[in-house]
Amino acid sequence: HITDNENLRTPIVCVMGHVDHGKTTLLDRIRGSSVAAGEAGAITQHIGATEVMIDSIIERSGASGMKNNFIVPGLLFIDTPGHHAFTSLRSRGGALADLAVVIVDINEGFMPQTKESLQILKRFKTPFVVVANKIDRIHGWQPHESASFLETYNKQSERVRTDLDNKFYEIVGELYNSGFNSERYDRVSDFQRNIGIIPISAVTGEGIPDLLMVLLGLAQKFLESNLHYNASGPGEGTILEVKEEKGLGTTIDIILYDGTLKKGDTIVVGSLGEPIQTKVRALLKPNPMGEISAEEKFQNVESVTAAIGVKISAPNLDDALSGATVRAANPENIETIVKEVQEELDEVQISTGTTGVTLKADTIGSLEALVNELQKEDIPIRKAEVGDISQRDIIEVSAIEDPFNAVLIGFNVKMLPDAKEKAKGADLKIFQNDVIYRLIDDYKDWVKEKKE
Ligand code: GDP
Ligand code: MG
């Protein structure tokens, strides 16, 4: 019954999961196979994201009869930078991603980051599907390039199918332990009650048509109201990465999730200190003609409309913060917007100044996740900040007398060289890891040991 899809933006999809379970390979495959199939216009490469157009998805899933049933223009997959936790992907509304794909190696099963992904999705109430990846590694598997899952499954020997089914039900069991009912996607009748699991191979492309189709179905069902947006309103986005570019200085790669951003717009950018007020000097998209030289790497555009991944070149971006908000402003509302951007950051960066451990994380989103998990464990926090571990942190924390509070926990951060020097012989305990659960477990083990 919906025919007016002009103001429905592309849903933003995030791929999450344990390291090496296949996130990058899956995105490469989604990109590559469309390019290989020569589907002109099927894929648009963004900065930090890949857009798959609706026609291409429908074509690939062999469901062309359903073409008019879909109301979204396509799907925008975020290419989460490898060194960043997916947790950095926030927006003003909560989670930046409208939908998520949790990828699990079917041969390895659940791992710490799988569980962490599920916790975050639960907290943000983000609809998601699970893919059981690497089915081609099941012993005796006969690959059928890019086939739908059921087609390839039915062509496997009985032994292979049984093997897959057994591994599959272990994932169902693990999901149940995490508080989710799940079923193979083709047996799910109510995606609100049951999580759909799609067996795939990111290498052979088997099951990927099914994945794209299920994502469209979810978008259709759950997101319609979220995807209405004001295309002509002021631009609003989340910083994925702060990056130095040759000839441009410091730039920010953002996902614009609402409105339109124009060259010359005044923007407010979240930073470690006061929000930055600056002017968009250039909006840059990847140059489809290839990356011959730095100057030709990007294509300069006048304006961009959500949802899209774009690079912003502007003065004074050095202190911009990954995971923070970028908002277009005008002279009438700039003060309010600066205040709002500041408040968002203050909400996450705590400084109780009393007792507890000290936290450092790479982005606002990952800091928020870390704070959340520690609070669940009733671990008191003295201070929580974004940034690498600095000399100042070492000095501050080692000055704390209570040994249980002279603790520095770093999530996805480096220790700066002078901090390393200072830490030698300093009176404090430092934990560093890129998995929240490991940090918490290590900390708890250490506390237990120390108390004995
Ligand atoms: P990420 O850390 O989650 O991004 O994982 P990657 O995409 O880098 O994959 C880790 C390794 O698993 C790489 O060597 C991939 O080639 C391999 N891999 C990923 N997906 C598949 C799959 O479906 N089948 C097979 N056989 N290997 C895969
Ligand atoms: Mg990767």
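In listed order, ligands and their atoms are each counted from 1.
Nearest to atom 18 (N) of ligand 1 among the protein's heavy atoms is K134 CE, 3.6 Å. Here the heavy atom of the protein found nearest to atom 5 (O) of ligand 1 is G22 N, 3.1 Å. The single protein non-hydrogen atom nearest to atom 23 (O) of ligand 1 is A202 N, 2.8 Å, given as residue, atom name and distance. Of all protein heavy atoms, the one closest to atom 24 (N) of ligand 1 is D136 OD1, 2.7 Å. The protein heavy-atom contact nearest to atom 4 (O) of ligand 1 is T24 OG1, 2.8 Å. Atom 20 (N) of ligand 1 has its closest protein heavy atom at N133 ND2, 3.1 Å.
Contact annotation: for K23 versus ligand 1, heavy atoms closer than 4.0 Å belong to both the backbone and the side chain.
Geometrically, ligand 1 and I135 share no nitrogen or oxygen pair separated by less than 3.5 Å. Distances between N or O atoms of I200 and those of ligand 1 include no value under 3.5 Å.
The distance from the CG atom of D28 to the CZ atom of R31 is 5.0 Å, given to the nearest 0.5 Å. Between the NE2 atom in H18 and the NZ atom in K115 there is a gap of 10.5 Å [rounded to 0.5 Å].
A salt bridge is absent between E206 and K155; no separation between the charged side-chain nitrogens and carboxylate oxygens falls under 4.0 Å. Electrostatic pairing of E245 and K311 counts as a salt bridge here, judged by a charged N lying under 4.0 Å from a carboxylate O. Here K376 pairs with E373 in a salt bridge; the nearest charged N to carboxylate O distance falls below 4.0 Å.
Contact check for D362 versus V386: no side-chain heavy atoms found under the 4.5 Å cut-off. Here the side chains of L218 and F128 are not in contact, with every heavy-atom distance at 4.5 Å or above. A 4.5 Å side-chain heavy-atom check between V407 and W446 finds at least one atom pair inside the cut-off.
Protein non-hydrogen atoms do reach within 4.0 Å of atom 26 (N) of ligand 1.
Annotation for S146 and R29: closest pair OG-NH2, 2.8 Å, computed over non-hydrogen atoms.
Aromatic ring centres of Y153 and F168: separated by at least 6.0 Å.
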For S390 and D393, run side chain to side chain donor-acceptor pair (under 3.5 Å): C-alpha distance rounded to whole Å, both residues' side-chain angles, the deciding distance at 0.1 Å, then the answer. CA-CA 5 Å; S390 69; D393 296 324; 3.2 Å; yes
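Every atom of ligand 1 with a heavy atom of V203 under 4.0 Å away is listed here by number and element: 21 (C), 22 (C), 23 (O), 24 (N), 25 (C), 27 (N), 28 (C). Taking a cut-off of under 4.0 Å to the non-hydrogen atoms of R137, the atoms of ligand 1 that pass are 26 (N), 27 (N). Of all the atoms in ligand 1, the ones that sit under 4.0 Å from a non-hydrogen atom of H18 are 3 (O). Of all atoms in ligand 1, listed by their number and element, those nearer than 4.0 Å to a heavy atom of V19 are 2 (O). If you number the atoms of ligand 1 from 1 as listed, the ones under 4.0 Å from a heavy atom of T25 come out as 6 (P), 7 (O), 9 (O), 15 (C), 19 (C), 20 (N).
Residue D20 holds the heavy atom nearest to atom 1 (P) of ligand 1 of all those in L27, D20, D105, I138.
Distance check for T25 against the Mg ion (ligand 2): none of its N/O/S atoms falls below 2.8 Å.
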